[in-house]
Amino acid sequence: MDDIVVIGAGQAGASLVAKLRKLGFEGKITLIGEEPALPYERPPLSKAYLLGDVGQERLYLRPATFYEENNIEVITDLHVDTIDRGGKEVIAGDRRIPYDKLALTTGSIPRRLPAAIGGDLPGVFTVRTLADVDAMAPMFKEGARALVVGGGYIGLEAAAVARKSGMDVTVVEMADRILQRVASPETSDYFRALHTDKGVNIREGVGLQKLVGDDHVSGAVLSHGEELAVDVVIVGIGIAPAIALAEACELEIENGIKTDAQGRTSDEDIWSAGDCASFPYKGGRIRLESVQNAIDQAECVAENMLGAGKDYLPYPWFWSDQYDCKLQIAGLSTGYDRIITRGEGAAVSFWYFKGDQFLAVDSMNDARSYMVGKRLLEMGKNPDAEAIANPDTELKTLLRG
């Protein structure tokens, strides 16, 4: 019976080991994580956890008893130095952990501001781990001045929490508009209005020149020379796949750890899933940064490690909570050439098309549009755009025929 080792104890790693046991694998399973905590949910970190609405144990994907009862060894707080592919061993300090099959679910790492512009000053944070949020939480207090660098979803979620905490919040986004990389101008307009109405100062087309301070960040100089007084800085300028370990053992890299359609890397005994892995998709190669992908791809890889021979075909979905707005996204909007709007005001959805092909939907406080759009994508259907725009259309009728 094979020994399976999984490096990376996030959503993908936890899903993979659980699936192995569910499929009846009886060999030894070892899950290795760098953080001291059991595998936990990351999305609530920048929302409910930062607000203090949920405690750490509520974040755990599964309790410690699950791993014990399923004979899964979880090694926390351990940094893996390298992988000896020839000897089939994971090397961490003086520990050598043998494997027959190995999975890399190392996730992603936040992009940081360069130290040369003050990125390493105390009071400058990214939002990625429990330790990040635990360190910044005491600074989230009424009257404090927060600068959020980056107008993507992570940055906007942090801005919402900061504002709900009574802070004076400024968001700077170097691109022409917030959410430019991931959403339509219509969606950007919606969230700009939402945050502005809540008192957030959003600066678009404005970069950060440098942060200043002695023993703690105290100010920011923007690209056009304006200076802001700040007490805390939250950096949300994207993430990068965690590929250092894969690179060190000379696995193929292409926008992440390169895998085939079944999740196998360039080494036949090493697999990969989650934020760190890129895979074939519709004639190209993509890497998805989402909870959905981490779970579904990891479970598919678990099946394939046991011989299923099953290609992974994702049906992506995402979400973001900001104030009282629930954003739900189904599909990938890349390549769209028109937007169909349904609804108005706080409850609205934007449907992405390329010609007559339906690609994705952004739904704000509109769960019905999200659910129907998601189902249409799974069915491979292209709904009539005029019917979507017509408020009299009962959306579920689009699923027929």
Side-chain angles (χ1 to χ4, degrees), residues 8-16 18 33-35 37-63 105-111 125-137 140 148 150-165 178-179 181-183 187 191 194-195 234-242 273-277 287-299 314-332 362-365 367 370 374:
Q11 182 80 66
S15 298
L16 199 157
E34 280 199 337
E35 294 186 60
L38 289 172
Y40 61 86
E41 292 184 270
R42 293 193 190 279
L45 289 178
S46 59
K47 300 180 275 287
Y49 184 74
L50 183 53
L51 277 170
D53 293 340
V54 301
Q56 180 172 321
E57 288 197 359
R58 288 270 303 277
L59 297 181
Y60 291 159
L61 294 167
R62 298 177 186 273
T105 54
T106 46
S108 53
I109 53 177
R111 300 185 188 277
F125 301 98
T126 56
V127 185
R128 190 62 185 167
T129 67
L130 272 166
D132 291 333
V133 178
D134 287 344
M136 75 172 69
F140 274 57
V148 178
Y153 288 121
I154 289 294
L156 293 178
E157 288 171 1
V161 171
R163 193 71 193 101
K164 288 173 75 171
S165 301
I178 57 173
L179 303 175
R181 186 179 67 88
V182 294
T187 298
F191 282 99
L194 175 67
H195 281 270
I234 302 104
V235 180
I237 55 175
I239 57 179
D275 286 6
C276 62
R287 187 175 56 80
L288 291 175
E289 301 164 356
S290 72
V291 170
Q292 167 272 323
N293 180 67
I295 296 171
D296 293 349
Q297 189 180 26
E299 291 188 346
Y315 294 98
W317 51 262
F318 313 83
W319 82 92
S320 177
D321 294 320
Q322 298 171 43
Y323 309 107
D324 296 326
C325 175
K326 177 76 169 182
L327 166 67
Q328 294 170 288
I329 303 169
L332 296 175
D362 293 347
S363 303
M364 280 67 73
N365 299 323
Y370 166 73
K374 182 172 181 286

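Remark: Arg287 engages Glu289 in a salt bridge (Lys or Arg N to Asp or Glu O under 4.0 Å) (not counting sequence neighbours). Among residues two or more places apart in sequence or in another chain, the side chain to side chain donor-acceptor pair (under 3.5 Å) test is passed with Asp296 by Gln292. By the side chain to side chain donor-acceptor pair (under 3.5 Å) test, Glu41 is found to be paired with no residue, residues two or more places apart in sequence or in another chain being considered. Residues forming a side chain to side chain donor-acceptor pair (under 3.5 Å) with Tyr40 (at least two apart in sequence, or on another chain): Glu35, Arg42. Every residue two or more places apart in sequence or in another chain was checked for a salt bridge (Lys or Arg N to Asp or Glu O under 4.0 Å) with Arg62, and none qualifies. Every residue was checked against the side chain to side chain donor-acceptor pair (under 3.5 Å) condition with Lys164, not counting sequence neighbours, and none meets it.
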Criterion side-chain contact (heavy atoms from CB on, under 4.5 Å) on Ser46 and Val133, from CA distance to verdict: CA-CA 7 Å; Ser46 59; Val133 178; over 6 Å; no
Evaluation steps, side-chain contact (heavy atoms from CB on, under 4.5 Å), between Phe140 and Ile234: CA-CA 11 Å; Phe140 274 57; Ile234 302 104; 3.9 Å; yes
If you apply the rule side-chain contact (heavy atoms from CB on, under 4.5 Å), what do you find for Leu45 with Leu50, and how did you get there? CA-CA 6 Å; Leu45 289 178; Leu50 183 53; over 6 Å; no
Going through the checks in order, is the side-chain contact (heavy atoms from CB on, under 4.5 Å) test met by His195 and Tyr323? CA-CA 9 Å; His195 281 270; Tyr323 309 107; 3.1 Å; yes
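From Lys326, atom NZ reaches atom CG of Asp321 across 4.0 Å, with rounding to the nearest 0.5 Å. Asp53 CG to Lys47 NZ: the interatomic distance, rounded to the nearest 0.5 Å, is 12.5 Å. Summarising the geometry, atom OG belonging to Ser363 is positioned 9.0 Å from atom CD1 belonging to Ile329; distances are rounded to the nearest 0.5 Å. The distance from atom OH of Tyr153 to atom CD of Gln322, rounded to the nearest 0.5 Å, is 8.0 Å.
The shortest non-hydrogen separation linking Ile239 to Pro110 is CG2-CA, 3.9 Å. Pro316 and Leu288 make their closest contact through CG-CD1, 4.0 Å (heavy atoms, listed as atom of the first residue, atom of the second, distance). Residue Ser15 comes nearest to Ile295 through the heavy atom pair OG-CG1, 3.7 Å, listed as atom of the first residue, atom of the second, then distance. Taking every heavy atom of both residues into account, Thr105 and Gly13 meet most closely at OG1-CA, 3.4 Å. Scanning both residues, Asn293 and Ser290, for their nearest heavy atoms gives N-OG, 3.0 Å. The minimum heavy-atom distance linking Ala12 with Ala273 is given by the pair CB-O, 4.0 Å.
With contacts defined as side-chain heavy-atom distances shorter than 4.5 Å, the pair Leu194/Leu156 does not qualify. Leu130 has its side chain within reach of Leu59: a pair of non-hydrogen atoms, C-beta onward, lies under 4.5 Å apart. No side-chain heavy atom of Gln328 sits under 4.5 Å from any side-chain heavy atom of Trp317. No side-chain heavy atom of Phe191 sits under 4.5 Å from any side-chain heavy atom of Ser320. The side-chain heavy atoms of Cys325 and Asn365, taken from C-beta on, include a pair separated by under 4.5 Å. Between Phe318 and Asp362, every side-chain heavy-atom pair lies at or beyond the 4.5 Å cut-off. Side-chain contact check for Pro241 versus Asp275: every heavy-atom pair is 4.5 Å or farther apart. Looking at heavy atoms from C-beta onward, Arg128 lies in side-chain contact with Ser108 at the 4.5 angstrom threshold.
Heavy atoms from other residues, nucleotides or ligands lying under 6.0 Å from CG of Asp324 number 12 at most. Other residues, nucleotides and ligands place more than 12 heavy atoms under 6.0 Å from the CD atom of Gln56.
Judged by distance alone, the side chain of Gln297 and the main-chain N or O of Gly274 form a donor-acceptor pair under 3.5 Å. Counting only distance, with no hydrogens or angles, the side chain of Asp132 and the backbone of Thr129 share a donor-acceptor pair below 3.5 Å.
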